[in-house]
Amino acid sequence: MTDSLIESLQAKHLKDLKPYESARRLFSGGQDWLNANESPFVGEYSLNSNKLNRYPDCQPKDVLQAYAAYAGVAPEQVLVSRGADEGIELLIRAFCDAGQDSILICPPTYGMYAISAETFNIGVEKAPLQADFSLDLDAMATFAGKVKVVFICSPNNPTGTQVAPEQIEQALALFQDSALVAVDEAYIEFAKDQGWAQQLAKYPNLVVLRTLSKAFGLAGIRCGFTLASPGVIQVLLKAIAPYPLAEPVAQIAAQALSPPGLTWMQDKVSTLNSLRQTLQNQLLALGDFIQLGDCQANFILLRTAYKQALMDDLVAQGILIRDQSKQLGLENCLRISIGTEEQNQRLIAAMQRFFKEKTQ
Ligand SMILES: *Cc1c(COP(=O)(O)O)cnc(C)c1O
């Protein structure tokens, strides 16, 4: 097939789209991966191969029940999917008409809402966060009736800020007759305020997105959850693939959500929260950073005039962090995921060397 034929066959709305620059696509080498907000800790799981000859359950009951119990909701309010990313995609595909409807996002925020929408030819409206990274509810209000799904990330990636409960309530009210409000709680385990899962009965247009990729240390299995009213879940089930979850994924997820699995996760979260505090103090003591946002997640957002030189220097030493400077309002900003104590110390040592050379 010639390049020009491929070009002419390609769906129109994809022509100008670039694939998402995931942390793993940008850099595949390196030793200290502090660029994708993954957990630096690995759990232990066992695998039973007896059922691998069979197609897996679309929605494995034990996983649904375990997550429902963990989140304090009913199993009918839970959908399990190939990561929270698939939950985002399903909300867009199941509730928006291609070429016609739009979603609303509040940048700077997680990139996949816009990318997912664009790949399905769904419009993306924007109500940027205010200077303190709170929601701009006046700006959001202008989109009532014009969008079908509103994505609010809390704690927000990459600002680490949690949206005030009154603001979420106001957003739910603004869109109560016209849109779903999806609160992305990928980092909820690290945050101080509890999330919105238990408010589902009170707000019929509320959706909560969760994942095993961050606090549970299971980014590699691709397993996420959408929590919503049973009616919303039923619509999402129309759009989901027949076998979204491989059998080994379901087995590992069930183990992660068992009582010992939850204890392991909570232990790692408190370790990471205290490592984060130490790393934050050490980074700010270097004197060349301004911290932005808050730390309600497993990463820190910093601004430095030496952004590019520092990135290049760290990459050369196999230490990978994430450049956020293309995001709205985040010029010269870097996001650093919390690693193990050793990784954090290598990072600090590398930065100390870098800034010492700069100021000589
Ligand atoms: C990492 C992340 C996700 C993706 O979760 P997966 O379950 O790995 O797909 C979703 N939302 C936010 C805000 C994230 O940072």
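Only this structure's heavy atoms are used, side chains among them; waters, hydrogens and symmetry mates stay out. Counting convention: from 1, in listed order, for ligands and their atoms alike. One-based numbering along the sequence shown.
Residues Tyr110 and Tyr187 keep their aromatic ring centres 6.0 Å or farther apart. Checked against the 6.0 Å centroid threshold, Phe225 and Tyr70 do not count as a close aromatic pair.
Partners of Asp288 under the salt bridge (Lys or Arg N to Asp or Glu O under 4.0 Å) rule, at least two apart in sequence or in another chain, do not exist in this structure.
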Using the rule given for salt bridge (charged side-chain N to carboxylate O under 4.0 Å, His left out), can you reason through Lys15 versus Glu7, listing the C-alpha separation, both sets of side-chain angles and the distance that settles it, and then say yes or no? CA-CA 8 Å; Lys15 286 198 171 139; Glu7 181 67 20; 5.0 Å; no
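Atom CD of Gln345 has more than 12 neighbouring heavy atoms from other residues, nucleotides or ligands inside a 6.0 Å radius.
At a heavy-atom cutoff of 4.0 Å, ligand 1 is surrounded by Gly83, Ala84, Asp85, Tyr110, Cys153, Asn157, Asp184, Ala186, Tyr187, Thr211, Ser213, Lys214, Arg222.
When Leu257, Val269, Thr211 are each tested for a side chain to side chain contact (heavy atoms under 4.5 Å, CB included) with Phe216, only one passes: Leu257.
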